[in-house]
Amino acid sequence: MIDEEQCKSLEEAANRLAQYVEQTGRKVRVLGAAPPTRKVMHTALNDRDSVENTSEGFGMFRHLIVQPVGEKSEEEAPEATEETEQEEV
């Protein structure tokens, strides 16, 4: 169980990550966070309109992702095809 001091520290960390994502436009992954830690961070980030937060992975590889609103996660990104690769050239 997470005590009040740890909870406050995690909320502050989540908000710093959100600020970083807002400023840079880059996605951030939080690896190795236990389920209660991820829950506190998700809750702290839910009120922010500028970032989205999700968890991806399974079991011990589950991790928190904080990204700009509207950015597609890797699982939703379209696969590269010859046609799309030629468009980029």
Side-chain angles (χ1 to χ4, degrees):
M1 182 152 217
I2 297 178
D3 65 32
E4 191 173 323
E5 187 176 319
Q6 290 172 319
C7 187
K8 184 176 179 181
S9 178
L10 288 169
E11 289 170 349
E12 290 170 357
N15 285 316
R16 284 193 304 272
L17 286 173
Q19 288 173 346
Y20 174 82
V21 170
E22 291 167 355
Q23 292 171 355
T24 64
R26 296 182 67 182
K27 179 189 305 188
V28 175
R29 295 176 188 270
V30 180
L31 305 174
T37 300
R38 287 195 312 272
K39 180 172 176 39
V40 170
M41 294 181 87
H42 277 303
T43 303
L45 294 169
N46 282 340
D47 292 335
R48 288 188 169 262
D49 295 331
S50 58
V51 297
E52 297 174 340
N53 67 94
T54 59
S55 286
E56 290 184 0
F58 297 96
M60 63 186 262
F61 300 107
R62 194 146 178 88
H63 55 278
L64 173 72
I65 297 177
V66 183
Q67 63 190 17
V69 170
E71 181 178 315
K72 291 185 177 186
S73 71
E74 291 174 5
E75 293 175 347
E76 298 170 338
E79 287 186 28
T81 62
E82 287 183 34
E83 188 175 300
T84 58
E85 289 174 2
Q86 289 174 358
E87 291 173 5
E88 293 175 1
V89 174

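Excluded from the calculations below are hydrogen atoms, water molecules and symmetry mates; all remaining heavy atoms, backbone and side chain alike, are included.
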* Out of curiosity, T54 OG1 to L64 CG, how far, rounded to the nearest 0.5 Å? -> 7.0 Å
* To do: Determine yes or no for a side-chain-to-main-chain donor-acceptor pair under 3.5 angstrom, with R29 supplying the side chain and I65 the backbone.
  => no
* Asked: Checking T37 side chain against A33 main chain: does a donor-acceptor pair fall under 3.5 Å?
  -> no
Residues 3-11, side-chain donor-acceptor partners within the protein, below 3.5 Å, at least two apart:
unit_1: D3; atom_1: OD1; unit_2: E5; atom_2: N; d: 3.1
unit_1: D3; atom_1: OD1; unit_2: Q6; atom_2: N; d: 2.8
unit_1: Q6; atom_1: OE1; unit_2: D3; atom_2: N; d: 3.1

* **Close side-chain approach of R26 to Y20, heavy-atom, < 4.5 Å** => yes
* Asked: Does a side-chain heavy-atom distance below 4.5 Å link V30 with H63?
  -> no
* Of all pairs that satisfy side-chain hydrogen bond (donor to acceptor under 3.5 Å, both in side chains), the ones with a partner from residues 41-50, not counting sequence neighbours -> N15-R48, E22-R48, E22-S50, H42-N53, H42-S55, N46-N53
* **For the student: nearest non-hydrogen atoms of V66 and L45, plus distance** => CG2-CD1, 3.6 Å
* Asked: Minimum heavy-atom separation for G25 to P68, with atom names?
  -> O-CG, 3.4 Å
